[in-house]
Amino acid sequence: MFNQKKFVVSHAPFWHDGSSLSTRHYHIMLAAIPAVIPGFIQYGGRAVAVVCFSIATAMIWEMVVNKIAKLPVSIGDGNAALIGLLLAMMIPATTPWWTVLVGTLIAVVIGKQIFGGLGANPFNPVMVAMAILSLSWKGIFDFNEALLSYDFDFTMAYPLSSLKAFGPDAISSFSMTDLLMGRQTGGIGSTCGIAIIIGGLYLIARGFIRWEISVSFLGGVFVTALLFAMFGEEGKYAGPIFHLFTGYTLIGAFYLATEDASSPVNFIPMLIYGAGCGIMTILIRNIGAYVDGVVLSILLMNLANPLIDKIRPKALGKVVEK
Amino acid sequence: MFDLLFYLDPFVERNECVMTSNNELKLAYCLTVILLLVGGICYAAFPVETPEDPVRKMFKTSAGNVLFTHKVHRAETGYGAACIDCHHHHEDDEDNFKACGDCHTAEPPKTVPQNCQECHDSVGNIEEHHPKTVEGEDFRACADCHQKTEDGSTPEACNECHEPDEIEGQQKTMNFQKRSDAFHTQCIDCHKEYGSGPVECSSCHVM
């Protein structure tokens, strides 16, 4: 007797289980708050200004586009707010208001709405904005230059810049515990590794992001950095733990690479996509021109996403030609 | 109930699918207004201020930026340098510093300054630094050399009045190093003197 378990599907009417886009987006924002708080504590009111202004302007831009396109106002789904929050988490607390305004314009209008809005964007909108902003106003987004006037009780040089310019000897003053606990310079919400990991694990546990992408991203970073450290020129490359806890690695793995529309949906493609992001990140950091490679690696893998997602199970059955 | 029916309606237009419930929209509107206000107020209340005694300074150069730890050099718990150690001034007056670029320009100076008081605050100070115009002679009056010519201009270079052998060895008093040379001399000489600190290009310049 054939006794395979089957899905039980009942007939209509169906009942909405209450989950919605807004639930998902507000939960991601909630999970990100522990990572933002250390930024507020370190940089004070200025960090609050950047975060609040970024979220508000992202929502305003979305409203403006909705009105121009004569579409229903879609800010209720929380996606614009999420874009604003993630952008603010990546930029220094000294970012001027007009740069935030331009950043959210790029993210919401160019990164998302031009392509058709939520779910239709081929690239992560936040990544598009970060790439354009950091290429356009290099000084504003260079953490060493932006945070010149801040003085905390830890090494204030941006770890990845020190590594890039002076090699692994220059990063000996950074302890891994310090890096994990957010005692490093960087974006408002991208330095406190432990808080980002806790938020990420919450999102994975609740099913809001896919573990396959996050784990393979971090795995790609770890393995590639390890290979460079083991087989590369001696004394030239930093170890894998340093790369995991610095720059945008953790926020990239949990909050950026996992963006729905620009990442794959099948199991193998998700692993390839995540690993590709991680590998590219280290390649750019170790042999590329840029200090951090997360933004460009995610954009590159976003580009490859439709192709990678072609790897999927064959449909059952076949066409029989008569 | 209306929302539920809306979601379940298979004939709904695609562009209407993004419609969210009124409550979500109201929440979003409130959030936007509140955050915009808080953001604006915080931007106004917390401007980025550069302290009078800088923490760090970034020297931007074509050979790569240099991040200089000003506070560490200055602090007693750091290298304990006095202001005058680096911000040398012809009058040795700790209360009257000039910006480095006032004398050490980005490009090498080709002419002497047009006006003595661009650099010198007093005549005594001029005599201190520019005493021997000609070997073996006493001080001259400024106007002996720096007199206005017929076209109304003042001499722009020593050799407009002096023969090269006449001022040999004296030119250095007016020969300011350009800014990059001055900084290199300042930093490297001090690091060598104390046997500590970087002296190689790639140890300071972020390429």
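Convention: sequence-line order gives letters A, B, ...; per-chain numbering from 1. Just the heavy atoms: all of them, side chains too, but no hydrogens, waters or symmetry mates, feed the values below.
Around CZ of A:Phe166, the count of heavy atoms belonging to other residues, nucleotides or ligands within 6.0 Å exceeds 12.
Of the two parts of B:Leu27, only the side chain, counted from C-beta on, holds a non-hydrogen atom closer than 4.5 Å to a non-hydrogen atom of chain A. With a 4.5 Å cut-off on non-hydrogen atoms, B:Lys60 touches chain A through its side chain but not through its backbone. In this structure, chain A has a heavy atom under 4.5 Å from the backbone of B:Cys204, while its side chain stays farther away. Residue contact with chain B, scored on non-hydrogen atoms closer than 4.5 Å, is absent for A:Val51. Within the 4.5 angstrom heavy-atom criterion, no atom of A:Asn66 approaches chain B. Contact of B:Ser203 with chain A is made through the backbone alone, with heavy-atom distances under 4.5 Å.
The most heavy-atom pairs under 4.5 Å with chain A, out of B:Thr69, B:Ile41, B:Val38, come from B:Val38. Of the listed residues (A:Leu21, A:Val50, A:Ile55), the greatest number of heavy-atom pairs within a distance under 4.5 Å of chain B belongs to A:Val50. Among A:Leu148, A:Leu147, A:Thr94, the residue making the largest number of heavy-atom pairs under 4.5 Å with chain B is A:Leu148.
A salt bridge is defined here as a Lys NZ or Arg NE, NH1 or NH2 lying under 4.0 Å from an Asp or Glu carboxylate O, and B:Lys71 with B:Asp53 fails to meet this definition.
Sequence neighbours left out, not one pair with a member in residues 27-42 of chain B passes salt bridge (charged side-chain N to carboxylate O under 4.0 Å, His left out). Pairs of residues two or more places apart, or lying in two chains, that qualify as salt bridge (charged side-chain N to carboxylate O under 4.0 Å, His left out) and include a residue from residues 101-117 of chain A are A:Glu62-A:Lys112.
Classified by interplanar angle (parallel below 30°, tilted 30° to 60°, perpendicular above 60°), the ring pair A:Trp137/A:Trp98 is perpendicular.
A:Phe152 has its ring centre less than 6.0 Å from the ring centre of A:Tyr43.
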